[in-house]
Structures are given as structure tokens and as C-alpha cells.
K.L.:
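Below is the structure I would like to discuss, written out as C-alpha cells.
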2 protein chains.
Amino acid sequence: MISQPRVVSRSTLKRLPLYLHLLEKLMDQGVENISCTQIAQEFDFDPTQVRKDLETTGAVGTARIGFRAATLVVKIKEFLGWDNAHDAFLVGAGNMGKALLGYKDFEKYGLNIVAAFDKDARKVGTRIFNREVLPLAKLPNLAGRMHINIGIVAVPAEYAQGVVDLMVGAGIRAIWNFAPAPLRIPEGVILENARLTQSLAVLTNNLTKVLRK
Amino acid sequence: MISQPRVVSRSTLKRLPLYLHLLEKLMDQGVENISCTQIAQEFDFDPTQVRKDLETTGAVGTARIGFRAATLVVKIKEFLGWDNAHDAFLVGAGNMGKALLGYKDFEKYGLNIVAAFDKDARKVGTRIFNREVLPLAKLPNLAGRMHINIGIVAVPAEYAQGVVDLMVGAGIRAIWNFAPAPLRIPEGVILENARLTQSLAVLTNNLTKVLRK
DNA sequence: TTTATATCGAGAAAATTGTATCGATAAAAT
DNA sequence: ATTTTATCGATACAATTTTCTCGATATAAA
């Protein structure tokens, strides 16, 4: 088992889940082997690009056959860190927070939201999708005791930095941010922004261009 | 007024909303002018990159002063098509659909979700954030009459393609997809995927790397 | 008034990412 | 058994994106 300190591009990393979804769908349909060409066709990608992406996961295929779907799924999951569940805390039990708590598929992707926090006393004590909403003040203690590595930020922009500081202070190593705010984090902590507005920007800009014609 | 058929990179398009959020925050604080250097510092970007991004919107700055925040906001919004509201239909009144319906800020970004649709008879007729859930069968007729350009797909993966086909048939020009499924669309229709799993993949892969150390 | 400094704008250079080519190989067809 | 075809894996090439460099300009300081 070789553990390479590979340099993976963000682009590759973002394509891998697409392949994974497709592979799972195809496996449900009984497909056993799949070629890069097929995958590429599905997404309108270049076959070589797909091959390179798969290469980074360490998967090997055979000529004329392609890759074994089952092996590929395992390899991609391993590579993404989706083979071992990561426990996560979520802060902000608003709409976005609720949607995330209700998103069943996260488990498949190795993410396990074990508790939700909110500073609003009215929300504290309620249950959302079978997880109790706890007071924010309890986060630091619990995060340490439960060895939580991932913190999900689903609060309004103005509170986001405060929540992040609390999380980082509690030893959380990775922040998944849904708030539209630039966040400051110390060296060594991972920050990933999941911003809908970025995606929306691409959509509306393209639409505007098309409509102008 | 010059209407340039500019070639904008996706990357630039995705950074623009970040600048916009920051600008709005700074304007609230009374800031009138801002330099690319300042913006760059906030996000850890290269100042030149910020300057180039802003250039694509047609904004012009002055040496030693920077850009007028108010002008910049207008320019970015214009460029992204966020100055005129686009009406949108949403299909899928599940968790993700509800979260999107409850996301007040979309209005600020020129997106106005005017109706929600679902095929589940139990959901039809209920109201979510002040919008009635309508039967899916009514979508084509209504979309045409109301000149809807944007369709938001928030259904499980297996129904996504069917919903998209319905939308496209109803004259919808742009699809914002939240389902983890590859979608087929005809030439001329815009497809933008807003997939959380991609963002999650980047996060967990990085976290795995850090934890292995 | 003169000098220093911050910033823009434009173009060149570097880095990254994506695409094309080609030999090797394994299965299928002849 | 031989030829054909699909595919992998590696490498070279092209395009795109980011970063660097530099002259021009507007304000502030001396």
C-alpha cells in the first residue's frame, strides 16, 4: 500500500463525485465494467481527462475492458475520504441547516452530522430529523470529548466568523461554510465554501447573455 | 453603453459574488472606495487577479484611490444579471426545496422563486414560505404563460431527467440542478449544477490528507 | 513644489489544466 | 491463427488561468 502525497487538482476532486454517482447508478443496473470513454460520454468530458482523474485514485483498468465498477467505487471513496465516516457538528438550525440535517445521502459520503447547535433559545431543545438542537455554548466541550473534526456553518453571514472561531477553538479541523461571508481561519485548518450564490452567478450570467441575443 | 460579447471564465464568474458580498458589507460600514489590494487581502487572492476580474465587469478605478464601491456593486450586479429579477419555478418540495424556498437572499441576487411543484399529492396544496405547492402537471402551461426562464431541480436523482425534460418542453431556458445526476439538455439550454457533494469531496479529501500526517 | 507611495491598467511570463497522440494490450471477429 | 478494434497508460502539446512586471497617474508628505 503506497501512500502518495499526490497533488490533486480541485477540478479533479470535483469530478470524482460525479463519476461515483454514475458508477453507483450503473452498478444498480448490473453493470460490472466501465470504460473511461463511456464515463466521458455521459458527462461530455474528454475521455483522457476521465482516465487521468481515475488514475489519481490509484485505480487500474484493463485494455478493452475498462475498469471494474466495484473497485472504482471503493478507490474513489477511499481517495475522497468517504470510506470512513467523519462525525460533524452543524451550527445554525435555520432553513439551510434543516435541509442539511435532512439530507440522508451524506452518510453515503462519509459525513455524519451528529448534533446541531443554535444560539436561539427557542430552537434549542427541539429535534430536527432526529437530532436534538443544543445550545451553542455546549459546542466546545462536546467537540473535544467527541473528537469532532468537521464543523458545518449554516448561520447568517454576520455570525459566521464567531461560530468559526468557536469551532477552531474547540479543535475542529475542517469548516464547511454555507454562509456568504469571507472567513478567517488559522493555518492548518481546512476551509471549504459551499456557496450557492457562486453557482447562481454562473447561471444568471449565462442566461443574461442568451436572452440578450 | 457597450455590450461586449466578453469571454469570461467560470472562475471569474464565481469570484464576483464574493466581491459583491464584501462590498455590500463594507458599504454598510460606510466605506466609499476600495482597492483591489484590499479585496485581494480579504480573500487571499492575487491583487492582479481581482483587478482583472473587476475589469470584465466594465468597472474602472482610479490610481491611488481604487474603485468606488457603489459603482462596483452596480457593475457586478449588472454583469451577473442580478439587476433584473428572474422568475423561477422550483420542482421538488423536499428538504432541499424547502431550504431554497426559505432562502430570502435570492431576491437580492435577482432570483425570484414564484412557485413550487411536486408530484406527491400530499404536498400539493400546502404552502411553503408563502408559496403554494402545485401539481407537477400544471408546470408546462404555467411556465409558458408566465414566461419563466429558470427552473430549479430539487428532486431525487432518479426523477431529475424527467423534470428537466418537462421544463425544457415548457420553454424554460436555464436549469439549476441540485440533484446528483448527470442531465441531458438540448443545445441552447443552460445547465448549472449546484452540487454539495463536490464541495464535500474537496473538504473530506483535504481533511483525510491532514489527518494522515 | 518636489518627492514618495499606492494603485490602476496593460502586457509578458509562469503555472495549471485540459486535449491529442501513440504504442501496448486484451478481447472479439475473421 | 491472424486481424481488427477498443481501451489503457504515458507523454507531448495546447489552451486557459494565474501571477509577475512595469509604466502611468493621482494623492499625500516633505
Side-chain angles (χ1 to χ4, degrees), chain A residues 2 4-19 22-23 26 31-72 75-76 79 198 201-202 205-206, chain B residues 2 4-19 22-23 26 31-72 75-76 79 198 201-202 205-206:
Chain A
I2 314 135
Q4 328 87 320
R6 286 182 185 284
V7 183
V8 203
S9 80
R10 214 188 140 73
S11 324
T12 293
L13 232 30
K14 288 172 78 176
R15 282 188 296 266
L16 288 175
L18 302 180
Y19 305 154
L22 176 66
L23 287 166
L26 291 175
V31 173
E32 298 208 336
N33 297 301
I34 187 162
S35 72
C36 294
T37 319
Q38 283 174 275
I39 299 178
Q41 264 171 2
E42 201 73 28
F43 297 105
D44 256 314
F45 291 168
D46 188 284
T48 315
Q49 186 177 58
V50 175
R51 221 171 289 137
K52 287 201 170 176
D53 288 340
L54 298 184
E55 200 191 327
T56 63
T57 68
V60 281
T62 45
R64 191 63 212 257
I65 299 277
F67 293 81
R68 245 196 108 58
T71 322
L72 215 42
K75 280 288 185 185
I76 295 177
F79 188 74
Q198 292 194 340
V202 177
N205 174 272
N206 285 335
Chain B
I2 314 135
Q4 328 88 321
R6 283 182 188 285
V7 183
V8 204
S9 80
R10 213 187 140 74
S11 324
T12 293
L13 231 32
K14 288 173 75 175
R15 282 189 296 265
L16 289 175
L18 303 180
Y19 305 154
L22 176 66
L23 288 166
L26 291 175
V31 172
E32 298 207 334
N33 296 302
I34 187 163
S35 73
C36 294
T37 318
Q38 284 174 274
I39 298 178
Q41 264 171 358
E42 201 73 29
F43 297 105
D44 256 314
F45 291 168
D46 188 284
T48 316
Q49 186 177 56
V50 176
R51 218 172 290 137
K52 292 209 162 164
D53 288 340
L54 297 183
E55 201 191 326
T56 63
T57 68
V60 281
T62 44
R64 190 63 211 258
I65 298 276
F67 292 80
R68 245 195 109 59
T71 322
L72 215 41
K75 280 288 184 185
I76 295 177
F79 187 74
Q198 292 195 339
V202 178
N205 175 273
N206 285 334

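Residue numbers start from 1 in every chain, and the chains themselves are labelled A, B, ... in the order their sequence lines are given, proteins ahead of strands.
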K.L.:
Could you encode protein contacts along nucleotides 25-30 of chain D as a string, one character per nucleotide from 5' to 3', using B for base contact, S for sugar-phosphate-only contact and - for no contact, with a heavy-atom cut-off of under 4.0 Å?
P.N.:
BBB---
K.L.:
To the nearest 0.5 angstrom, please state how far the CZ atom of B:R64 sits from the CG atom of B:N33.
P.N.:
12.5 Å
K.L.:
Without decimals, in angstroms, what is the distance between B:D53 CG and D:dT17 P?
P.N.:
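Nearest whole value for this atom pair: 11 Å.
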K.L.:
Rounded off to whole Å, could you give me the CZ-to-C1' distance for the B:F43 and D:dT18 pair?
P.N.:
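Result: 17 Å.
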K.L.:
Should B:L54 and B:I39 be marked as a side chain to side chain contact (heavy atoms under 4.5 Å, CB included) after you check the CA-CA gap, both sets of side-chain angles, and the distance that decides it?
P.N.:
CA-CA 11 Å; B:L54 297 183; B:I39 298 178; 4.3 Å; yes
K.L.:
Decide yes or no for B:K52 and B:T12: does some side-chain heavy atom of the first lie under 4.5 Å from some side-chain heavy atom of the second?
P.N.:
no
K.L.:
Just to be sure I understand the rule, does B:T48 reach a base, reach only the sugar-phosphate, or reach nothing, if contact means heavy atoms closer than 4.0 Å?
P.N.:
base
K.L.:
Check every strand shown and say whether B:F67 touches a base, only sugar-phosphate, or nothing at a heavy-atom separation below 4.0 Å.
P.N.:
sugar-phosphate
K.L.:
Start with the C-alpha distance between B:I76 and B:L23, add both sets of side-chain angles, then the distance that settles side chain to side chain contact (heavy atoms under 4.5 Å, CB included), and finish with yes or no.
P.N.:
CA-CA 10 Å; B:I76 295 177; B:L23 288 166; 3.9 Å; yes
K.L.:
Just verifying a value: how many Å separate B:C36 SG and B:L72 CG, rounded to the nearest 0.5 Å?
P.N.:
8.0 Å
K.L.:
Select base, sugar-phosphate, or nothing to describe what B:S9 touches, counting heavy atoms under 4.0 Å on all strands.
P.N.:
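The residue B:S9 makes sugar-phosphate contact but no base contact.
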K.L.:
Just how far, in rounded Å, is P of D:dT18 from CZ of A:R10?
P.N.:
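Distance check: A:R10 CZ to D:dT18 P gives 12 Å.
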K.L.:
Provide the start and end nucleotides, 5' to 3', of the part of DNA chain C that has atoms under 4.0 Å from heavy atoms of chain A.
P.N.:
C:dT17 to C:dA27
K.L.:
The side chain of B:D46 lies closest to which of these nucleotides: D:dT7, D:dA12, D:dC20?
P.N.:
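Nearest nucleotide to the side chain: D:dC20.
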K.L.:
Decide yes or no on side chain to side chain contact (heavy atoms under 4.5 Å, CB included) for B:Q198 and A:L18, but give the supporting numbers first.
P.N.:
CA-CA 8 Å; B:Q198 292 195 339; A:L18 302 180; 3.4 Å; yes
K.L.:
Under 4.0 Å between a side-chain N or O of A:T37 and OP1 or OP2 of D:dT7?
P.N.:
yes
K.L.:
Do any N or O atoms from the side chain of A:N205 and from the backbone of B:F79 form a donor-acceptor pair under 3.5 angstrom?
P.N.:
yes
K.L.:
Applying the salt bridge (Lys or Arg N to Asp or Glu O under 4.0 Å) test to B:R15, which of B:D44, B:D46, B:D53 qualifies?
P.N.:
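When salt bridge (Lys or Arg N to Asp or Glu O under 4.0 Å) is applied between B:R15 and each of B:D44, B:D46, B:D53, only B:D53 qualifies.
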K.L.:
If I take atom CG in residue B:D44 and atom P in nucleotide D:dT18, what distance separates them, rounded to the nearest angstrom?
P.N.:
15 Å
K.L.:
Evaluate side chain to side chain contact (heavy atoms under 4.5 Å, CB included) for B:Y19 paired with B:F45, printing each intermediate quantity in order.
P.N.:
CA-CA 11 Å; B:Y19 305 154; B:F45 291 168; 3.7 Å; yes
K.L.:
Mapping A:K52 and B:C36 to their closest nucleotides on DNA chain C, which lands nearer the 5' end?
P.N.:
B:C36
K.L.:
For the pair made of CD in A:Q49 and C1' in D:dA10, what is the distance, rounded to whole Å?
P.N.:
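To the nearest whole Å, that distance equals 17 Å.
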